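What follows is a structure written as structure tokens; I'll ask about it next.
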Amino acid sequence: MWNINALSHTLGIQYPVIQGPFGGGLSSIQLLKTVSDAGGLGSYGAHILSPDKLHTLVHQVRQTTQHPFAINLWVSDHDEGGLGMQQEDFERYLQLFRPFYEALNITPPTYVSQYTERFEEQVEALIEAAPPVFSFVFGIPHQDILESCRRKGITTIGTATTLDEALALDHAGVDAIVATGFEAGGHRVSFMKEAEDSLHGTMALVPQIVDRVKAPVIAAGGIADPRGVKAAFSLGAQGVQIGTAFLACDESGTDAFHREALFSDAVHHTVLSRAFTGRLARFIPNFFVNNIEESPHLPLPFPMQSFFTGPIKHASSQQSNPGYTSHYAGQGAPLIKHRKALDLFNEIIEQMQSFSR
Ligand SMILES: Cc1cc2nc3c(=O)[nH]c(=O)nc-3n(C[C@H](O)[C@H](O)[C@H](O)COP(=O)(O)O)c2cc1C
């Protein structure tokens, strides 16, 4: 049977189909529950949560499902120059963003010295709360952290955008590795070279990693229907992680405006840009993205850029203004057809069962 392998065994799930985590507030417990209860692995992207909120989240999810689930964090929480903004820097940067705030008629943010969560504190709370699975991107946690996870029975999933990253994750002893191609929606989570220098397609990346690592490999990027899942297994993956197609489902944490965009012709063209966070990500291009791409002064390093774009993302979504929205979407988006997570999940399982008959 296609679904019974080292990955499904390690994760304790029936079907090795993972609902990818969504950071930036787009995850939902309902989506996670739908997928975990159906026999897959639901995930929650928690990198913007404080340690206290993380603790509460794990508790809430445990109350909601009896099945395994994953909580996801970003190991590297800032890029060079992205922390420690001083008041005078703030005033200067504010001027660069002022035209966007004015166009959307929003009150500009006020100065704060701390504008991001720190990974070290988050992971301490996570280990204490002990979710069944801890998945992570943008790096490899320190050996002490991985060792604590092993002691607590927390299964770890690392994420690679290149073969070298996968080898490093394997060497560190993670339990499974996501191999994510540049087709994927959301951020390019590279941690050894610049994201722009780590752009490998899923089709090429997955088999190279499968050939060289001990850990089971999960394919991600551009998989949005059963054909993609079948292809991933043909390349040697033992599981898939699907993001954009689950993001488009009603249960996800995104809003109706974003979900509709995922079903529109706008997804025929997506771009990689640092416009919203300062880190490279794939989304539907628009006026704001083009402006930042042409700016000689922006984007600022992560997470400073996120601090200034937060109000823009919020207001554009409230005003349904497509010129400024951060509508993340992968290249597989034109393949999406389901609005209910269970319909998407069941179609994949049914087709995979019939392929393997
Ligand atoms: C809006 C959005 C946010 C995402 N945030 C995260 C994240 O915080 N952590 C993570 O590991 N992956 C994140 N991802 C990646 C997905 O979990 C998944 O690996 C990816 O979407 C798979 O490619 P696909 O979009 O082509 O299906 C995000 C993807 C999207 C679309």
Side-chain angles (χ1 to χ4, degrees), residues 17-28 31-32 35 40-49 54 70-77 117 119 122 133-139 156-161 165 169 174 176-191 195 201-203 205-206 217-225 228-229 231-232 237 239-249 252-255 258-259 261-262 267 270 272 276-277 279-284 302-303 306 313 317 325-336 338 341 344 348:
V17 174
I18 301 174
Q19 167 251 313
F22 306 125
L26 301 180
S27 281
S28 83
L31 178 59
L32 174 156
V35 175
L41 186 77
S43 314
Y44 197 107
H47 78 95
I48 59 167
L49 298 188
L54 246 161
I71 301 292
N72 178 273
L73 292 177
W74 293 14
V75 178
S76 149
D77 54 27
E117 299 300 333
F119 171 73
Q122 290 175 312
V133 181
F134 165 36
S135 69
F136 51 84
V137 286
F138 288 119
T156 52
I157 304 180
T159 313
T161 63
E165 290 175 356
L169 285 161
V174 301
I177 298 173
V178 174
T180 174
F182 68 59
E183 298 91 327
H187 284 86
R188 300 309 304 140
V189 292
S190 310
F191 60 92
T202 306
M203 186 89 163
L205 185 65
V206 170
V217 174
I218 300 156
I223 302 169
D225 68 16
V229 180
V240 291
Q241 176 160 293
I242 299 176
T244 305
F246 277 119
L247 188 69
C249 295
S252 91
T254 194
D255 57 27
H258 189 171
R259 286 198 297 276
L262 292 174
V267 290
T270 59
L272 285 169
F276 280 103
T277 60
R279 284 183 170 172
L280 198 69
R282 183 175 292 287
F283 35 66
I284 301 170
F302 175 82
S306 301
K313 292 197 279 190
S317 142
T325 45
S326 57
H327 282 169
Y328 292 97
Q331 290 184 329
L335 299 166
I336 296 173
H338 294 292
L344 168 63
I348 290 170

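Indexing begins at 1, ligand by ligand and atom by atom, following the structure's order. Small disclaimer: the values here were computed from a predicted structure and weren't measured.
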Options G185, G45, G186, ranked by nearest heavy atom to atom 15 (C) of ligand 1, top entry: G185
- prompt: Side-chain contact, heavy-atom cut-off 4.5 Å: L31 with F246?
  reply: yes
message: Could you check whether any heavy atom of T159 sits closer than 4.0 Å to an atom of ligand 1, since that is the contact criterion I want to use?
response: no
task: Identify which one of F22, F276, W74 satisfies the ring pair (Phe, Tyr, Trp, His ring centres under 6.0 Å) criterion when paired with H187.
output: W74
Per-atom contacts, ligand 1 versus Y328 - under 4.0 Å to a heavy atom: 1 (C)
Contact with ligand 1 for P21, non-hydrogen, under 4.0 angstrom: yes
Point-to-point distance, once rounded to the nearest 0.5 Å, from CD1 of I284 to CG of L262: 5.5 Å
Sub-4.5 Å side-chain heavy-atom contact between Q241 and P21: yes
message: A side-chain contact here means heavy atoms from C-beta on lying under 4.5 Å apart; do R279 and S76 qualify?
response: yes
- prompt: With a cut-off of 4.0 Å, which atoms of ligand 1 are near a heavy atom of L26?
  reply: 1 (C)
- prompt: If you measure from each non-hydrogen atom of I223 to ligand 1, which part falls under 4.0 Å: side chain, backbone, both or neither?
  reply: backbone
- prompt: So is G332 in contact with ligand 1, going by heavy-atom distances below 4.0 Å?
  reply: no
- prompt: For the residue pair H258 and H327, does the interplanar ring angle fall in the parallel (under 30°), tilted (30 to 60°) or perpendicular (over 60°) class?
  reply: parallel
query: Looking at ligand 1, does any of its N/O atoms fall within less than 3.5 Å of an N/O of T244?
result: yes
- prompt: Judged by atom type as modelled, is there a donor-acceptor pair below 3.5 Å linking the side chain of T244 to the main-chain atoms of A329?
  reply: no
- line: For Q241, the ligand 1 atoms with a heavy-atom partner under 4.0 Å come out as 17 (O), 18 (C), 19 (O), 22 (C)
Atoms of ligand 1, numbered as shown, that sit under 4.0 Å from any heavy atom of G222: 24 (P), 26 (O)
field: Non-hydrogen side-chain atoms of V137 and T180 separated by less than 4.5 Å
entry: no
- request: Determine whether the side chain, the backbone, both or neither of W74 has a heavy atom under 4.0 Å from any heavy atom of ligand 1.
  value: side chain
query: Taking side chain as C-beta onward, heavy atoms only, is F182 less than 4.5 Å from L280?
result: no
query: Is there a side-chain contact between I157 and V174, using heavy atoms and a 4.5 Å cut-off?
result: no
query: Does the side chain of S43 reach to within under 4.5 Å of the side chain of I18, using non-hydrogen atoms?
result: yes
message: Once you restrict to heavy atoms under 4.0 Å, what part of F22 touches ligand 1? Side chain, backbone, both or neither.
response: both
field: Proximal ligand 1 atoms for G20, defined as those under 4.0 Å from one of its heavy atoms
entry: 17 (O)
query: Quick one: does ligand 1 sit under 4.0 Å from the side chain of N72, the backbone, both or neither, non-hydrogen atoms only?
result: side chain
- prompt: What protein heavy atom sits nearest atom 23 (O) of ligand 1, and how far away is it?
  reply: A184 CB, 3.2 Å
message: I want to know if ligand 1 touches G23 in the polar sense, i.e. an N/O pair below 3.5 angstrom.
response: yes
message: Starting from atom 21 (O) of ligand 1, what is the nearest protein heavy atom, named by residue and atom, and what distance separates them?
response: G243 CA, 3.2 Å
- prompt: Can you tell me if G221 has a non-hydrogen atom under 4.0 Å from ligand 1?
  reply: yes
